[in-house]
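Contents: one structure, followed by commentary.
Below, chain A is the first sequence line, B the second, and so on; all start at residue 1.
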Amino acid sequence: MQSEIPKVYSPEAIEPRWARYWVDQKLYRPSDDGARPRFSLSLPPPNITGSLHMGHMLEHTEIDILMRWHRMRGENVLWLPGMDHASISTQMIVEREIGREALPDLEGPQARHAWQREGQRRRLEMGPEKFLERCWQWKEQNGDTIRRQMERMGASVDWTRARFTMDAAYSRAVIEVFVRLYEEGLIYRGHYIVNWCPRCGTAVSDLEVEHQDRAGHLWYIRYPFEDGSGHIVVATTRPETMLGDTAVAVNPNDTRYHRLIGRKVILPLLDRSIPVIGDSFVDPTFGTGAVKVTPAHDPNDFAIGQRHNLPGITVIDFDAHMTDDAGPYARLSREQARVAVVRDLEAAGLIEKIEDYKLSVAVCERCKTIVEPLLSKQWFVRMKPLAEPAIRAVEEGRIRIIPDNSRKVYLDWMYRIYDWCISRQLWWGHRIPAWYCDACGEVIVAREAPSSCPKCQSGTPRQDPDVLDTWFSSGLWPFATLGWPGQTDDLRRFYPNDLMIMGFDILFFWAARMIVLGLKFTEDVPFRELYVHALVRDAERQKMSKTKGNVLDPLEITEKYGTDAVRFALASSAAPGTDIAFSEDRVKGYRDFANKIWNAGRFILMNLGKLPAPALRHLGTTLDPIPAIGFDAVPHSEPESEALRLADCWIFSRLATVTREMNEDLAAYRFHEAAHTIYHFFWHELCDWYLEWVKPEVIKDSEGPRASAACINLARVFETALHLLHPFMPFLTEELWHQLPRSSEAQSISVTSFDLANPRAIDSVSEKQFQTVQELIVAARNVKAEMGLQKEKPSAQVASDDLRILELFRSHQEPILNLAGLEALNFVRGRLPAGAAAVPLASGCDLRLFYERAVDPASERLRLERDLAKVKNHLEQTDRQLKKESFRNRAPQEVVAGVERRRAELADQYARLAESLARLDGFPAEPKDSAGQVGPQP
RNA sequence: GGGCGAUUAACUCAGCGGUAGAGUGCUACCUUCACACGGUAGAAGUCAGAGGUUCGAAUCCUCUAUCGCCCACCA
């Protein structure tokens, strides 16, 4: 009989179809049903400039698994997607594009920089209005890359609710938050020292600065006293900033220097008179113990300057060139200025010495340009008062952060929070809702543009040209996406989100800000749990990076092995708190798994197709709707179906256990455990045992009720297992599920109501019986292999004192013979006759195989001796443990009982092995006393 | 300078107080009618090292070594 179902599973043939179907059917919109428990999560919005990388793939896989699982548990699930406008990143890309249009002939690695510079120049020429038009245009053309990729990956999001951080409604929320914070004094504008990226031309927050270790120097410079009485030596890593020095500081407790406080020194090169001041910030043990103070170009010096009312002199400009205040060094770049300053100091004999020094320089996270600390007027959020509720919410467990070490990292950061610089000198983003009156200097912060100054009534106030840090807007994500500040239905129904999932790299950037702003504006937590996932690394545990060239494109691998295989590989490696070493081999392994499932389905479908119509109708009515996990089997009516009955009870019971385990694992974000559980169950229990066990019945060309029942039960087990696998491999399972015959039209496996939450009780009697039979079969196969009889069909004898076990084997003789590859099975009550070497089983039976050209007694003896030694070793170990008074007294009852039980089993096995050895011709029996020792313990 | 994590079978990783696990790879046999992207059987580990706590430690504590990450204003 030929089947139309291909032998090898081709994901590319079915995945795009279902991806399309899921989107088109709007399958993942939550219903209006208020009675069902809800489960909500907002997707961390990817940047419009991005394309899907492994990190996304992991994150989306984890989320999708949970969403599908909750949905199948009957919950009303909302997974809300969206995109982030990515202010600085988008602006740079668009600038580069403009630059490329202007300089189309450039190529090579230098071109990028040239395009960027040219694009930046042209942006300033064209002005904000035209430039922003270009940005929107770019967004329309390229901004949905990730969305398309997500659709293809099968992310079960509700696309009808997709949001963008620069949507009109979302922007209103951003402005609302800004205005309210300002009105409460939690946003202020101030002249402070900030991290300035001269390349990007904007301030960046401390979080956007990276530190890199670089080799540098420590220059020791002599500052002469004004009165000519010698000099004081200061050490610095940045000699060019001395041009902006307004003091020299020493520690007031430093006995070498404290008498100098209040005296004046002459700043070399510029001949400015500056004071020596005392400040406890100065570490007397570092350098010379005297520090030059440059309030305009160093955050510490800025703080010292504030404490001592020192002026700040800006000598480096926003373009990283020296200002006019740098005197003769004006217009030099900061690097040129350093060379010049050192040269001139040396010429003047003012350099005492130069030491090599390893320093950590601050660079812009985005373009790696050295960041210049500069004084400028920026907007800040006052974080301390806002952080407090955010700390309490986590400490009190209203927000649970998982794993625990991320919780600690979050709290540590929050405890020493500082103000957040939120203004950016960029154009693409949310414009700061502040206006300035040129006439009277009034600052107006408002939801709408003011037509005139409310203070002096004059003119049209000018809006602040800057935009907000992208994280300011994405910090509102969990509630702004649901319609806040409006009191929408969605907000009522889905806020707070039940869960948030993100990488640890944006814990501060994003999670912290969402918690702060959520608590502030909704009087509730933004989400109840925050699961922080790990990083995906390459197979050598290296961080993937473009420069290293080890970036694996998830789409490429997906194309090769199928989305399901990639998802499964990620899920199966996703242990909380540990980074993932992603290897293609692993994906290959799960591609094989998908193929295995496919072929099991193929087998079942082929045989269902042979069933007579009445049986199929039966199947239809029992397959949908689906009752609880572990549902009853279709009863086997004939007495000779006992073997099928046992297998059914066993597999249904296992299904219930597996469901329960997966429920627990997924509730604790143990994706790897859940994946392993379903993998092992599907392959090694369902396929290797259950399917093989019932196969002879299923393929029998009979129209009887016995074959139908076997086939139908197999289909039902398979169908249930498909559900359990579905969150991990949605495409494959959806496809197979649709191919199963049923009585009514079915929409999707993932929206079928299916009581995953309440699996049936386990059937421990059947499980135990099945295990006993399994043991017999495995032992028989083992002996066969060791005797080199794999091709043959030997007969076997099984002996036991226990009639019930013999009866169990007798009533399951068919599958035993079939699965063990035996010709016949004979039963012996009591012991085997002399001359027979037998294998003792844990169930207390002895098993012996017969074959005409069998057994070389020597090798048989070797095997028995090897087993005996192993058991003896183990037995001695348990004996030692049991002999210890302290163990018996102090270990818990059940542990002692367990060890005793184990000992009894081992002793029994040992005795029977020894006996078996003794029965072999010419082998002397074990000495009596030794054998006596292993008898059952009183 | 602080903080965190890793070190378990040839490889990649789980396990985190009670007989050392998985996947891949390896060995032998099997092209039996779902699947060779398959089946059956098997070999393989002083759980980094040293102390300690415990009846009992891969698992808890301390130190050491190697590797990695995060945070930090020491000029």
Side-chain angles (χ1 to χ4, degrees), chain A residues 1 3 5 7-9 206 211 218 234-238 241 249 281-283 285-294 298-303 357 359-360 362 373 405-406 408-409 412-413 416 504-505 507-508 535 537 539-543 561 565 569 572-573 575 577-583 585-586 588-607 670 672-673 676 679-680 687-688 691-692 695 698-699 778 781-786 788-791 819-821 874 877-878 881 884-892 894-896 898-899 902 906:
Chain A
M1 126 226 56
S3 164
I5 307 167
K7 251 179 155 177
V8 174
Y9 173 53
D206 299 81
H211 294 272
L218 200 52
V234 298
T236 180
T237 55
R238 299 199 59 194
T241 62
F281 166 80
V282 179
D283 176 1
T285 64
F286 186 90
T288 62
V291 193
K292 59 191 268 317
V293 181
T294 323
D298 182 281
N300 295 313
D301 294 6
F302 180 78
Y357 188 71
L359 67 159
S360 100
N405 61 325
S406 290
K408 274 189 261 172
V409 171
D412 283 349
W413 191 73
R416 9 179 218 109
F504 63 79
D505 51 331
L507 190 63
F508 305 142
L535 216 66
R537 298 167 177 280
E540 275 74 49
R541 298 208 126 269
Q542 296 286 309
K543 209 167 175 169
Y561 300 103
S572 72
S573 333
T578 19
D579 282 352
I580 292 171
F582 189 88
S583 81
D585 277 356
R586 227 177 146 121
K588 214 194 250 154
Y590 295 119
R591 187 266 323 257
D592 296 350
F593 177 53
N595 190 60
K596 183 77 183 175
I597 307 302
W598 176 258
N599 275 289
R602 183 165 168 265
F603 173 79
I604 292 164
L605 289 166
M606 275 161 46
N607 287 291
R670 292 190 299 257
H672 65 303
E673 300 273 15
H676 176 252
Y679 178 92
H680 183 266
C687 290
D688 287 354
L691 193 148
E692 293 299 334
K695 186 189 266 180
V698 169
I699 62 179
V778 169
R781 285 166 172 171
N782 178 341
V783 175
K784 265 184 76 174
E786 293 210 355
L789 297 178
Q790 291 100 328
K791 272 181 160 163
L819 293 176
H874 204 160
Q877 206 180 306
T878 26
Q881 194 174 14
K884 266 177 141 171
E885 285 292 320
S886 49
F887 172 70
R888 307 196 81 99
N889 296 339
R890 301 213 187 180
E894 65 268 23
V895 173
V896 179
V899 175
R902 194 162 69 232
L906 285 165

How close or far is atom [atom2] of [N] from atom [atom1] of [X], stated in whole angstroms?
X: A:Asp585; N: B:rC13; atom1: CG; atom2: P; result: 12 Å
X: A:Phe286; N: B:rA75; atom1: CZ; atom2: P; result: 5 Å
X: A:Arg586; N: B:rC37; atom1: CZ; atom2: P; result: 21 Å
X: A:Lys408; N: B:rC71; atom1: NZ; atom2: C1'; result: 15 Å
X: A:Tyr679; N: B:rG23; atom1: OH; atom2: C1'; result: 6 Å
X: A:Phe508; N: B:rC71; atom1: CZ; atom2: C1'; result: 7 Å
X: A:Asp688; N: B:rG38; atom1: CG; atom2: P; result: 11 Å
X: A:His680; N: B:rA14; atom1: NE2; atom2: C1'; result: 14 Å

In whole Å, what separates the [atom1] atom of [N] from that of [M]?
N: B:rA44; M: B:rA22; atom1: P; value: 14 Å
N: B:rG18; M: B:rA10; atom1: P; value: 24 Å
N: B:rA34; M: B:rU66; atom1: C1'; value: 50 Å
N: B:rU40; M: B:rG17; atom1: C1'; value: 37 Å
N: B:rG68; M: B:rA36; atom1: P; value: 44 Å
N: B:rG23; M: B:rA9; atom1: C1'; value: 12 Å
N: B:rG5; M: B:rG42; atom1: C1'; value: 37 Å
N: B:rG52; M: B:rU59; atom1: P; value: 14 Å

Legend entry - Counterpart residues, side chain to side chain contact (heavy atoms under 4.5 Å, CB included), relative to A:Lys588 (two or more places apart): A:Tyr561, A:Asp585, A:Arg591
Inset, instruction - Report the residues that fulfil side chain to side chain contact (heavy atoms under 4.5 Å, CB included) with A:Phe887, sequence neighbours left out, ordered by chain and then residue number. - result: A:Gln881, A:Leu882, A:Lys884, A:Ala891, A:Val895, A:Val896, A:Val899
What's the closest nucleotide to the side chain of [X] if the choices are [options]?
X: A:Asn595; options: B:rG39, B:rG15, B:rC37; value: B:rC37
X: A:Arg781; options: B:rU24, B:rG18, B:rU40; value: B:rU40
X: A:Met606; options: B:rA72, B:rU12, B:rA34; value: B:rA34
X: A:Asn782; options: B:rC35, B:rG42, B:rC73; value: B:rG42
X: A:Val282; options: B:rA34, B:rA75, B:rC71; value: B:rA75
X: A:Ala581; options: B:rA34, B:rA14, B:rU12; value: B:rU12
X: A:Ala785; options: B:rA41, B:rC71, B:rA34; value: B:rA41
X: A:Asn300; options: B:rC73, B:rA14, B:rG18; value: B:rC73
X: A:Arg902; options: B:rG18, B:rU19, B:rA75; value: B:rU19
X: A:Gln790; options: B:rC29, B:rA14, B:rC37; value: B:rC29

Do [X] and [Y] make a side-chain contact, defined as non-hydrogen atoms from C-beta onward lying under 4.5 Å apart?
X: A:His672; Y: A:Ser573; answer: no
X: A:Phe603; Y: A:Val698; answer: yes
X: A:Val409; Y: A:Phe508; answer: yes
X: A:Phe286; Y: A:Leu218; answer: yes

Inset, instruction - Please figure out whether A:His874 or A:Thr236 has its closest RNA chain B nucleotide nearer the 5' end. - result: A:His874
Inset, instruction - Nearest-nucleotide wise, let me know which of A:Ala600 and A:Gly589 is further upstream toward the 5' end of RNA chain B. - result: A:Gly589
Legend entry - Shortest non-hydrogen contact between A:Ala600 and A:Leu691, atoms and distance: CB-CD1, 4.2 Å
Under 4.0 angstrom, heavy atoms only, what part of the nucleic acid is [X] near: base, sugar-phosphate, or nothing?
X: A:Glu692; value: base
X: A:Tyr357; value: sugar-phosphate
X: A:Arg888; value: nothing
X: A:Leu605; value: nothing
X: A:Lys784; value: nothing

Classify the side chain of [X] versus the base of [N] as yes if they form a donor-acceptor pair under 3.5 Å and no if they do not.
X: A:Lys596; N: B:rC35; answer: yes
X: A:Lys7; N: B:rA34; answer: no
X: A:Glu673; N: B:rA22; answer: no
X: A:Arg591; N: B:rC37; answer: yes

Legend entry - Partner residues of A:His680 under the ring pair (Phe, Tyr, Trp, His ring centres under 6.0 Å) criterion, sequence neighbours left out: A:His684
Inset, instruction - Taking ring pair (Phe, Tyr, Trp, His ring centres under 6.0 Å) as the test, write out the residues that go with A:Tyr679, two or more places apart. - result: A:Tyr590, A:Phe593, A:Trp683
Inset, instruction - Can you measure from CG (A:Asp688) to CG (A:Leu819) and round to the nearest 0.5 angstrom? - result: 10.5 Å
Closer than 4.0 Å, any side-chain N/O of [X] to the OP1 or OP2 of [N]?
X: A:Lys588; N: B:rU24; answer: no
X: A:Thr578; N: B:rA14; answer: yes
X: A:His211; N: B:rC70; answer: no

Legend entry - Chi class for B:rU46: syn within 90° of 0, otherwise anti: syn
Legend entry - side-chain hydrogen bond (donor to acceptor under 3.5 Å, both in side chains) against A:Lys292, all qualifying residues, sequence neighbours excluded: A:Thr241, A:Asp245, A:Thr294
Legend entry - Dot-bracket line, read 5' to 3' along RNA chain B, where crossing pairs take [ ] and | marks a partner on another strand, Watson-Crick or G-U under 3.5 Å: (((((((..((((....[..)))).(((((.......))))).....(((((..]....))))))))))))....
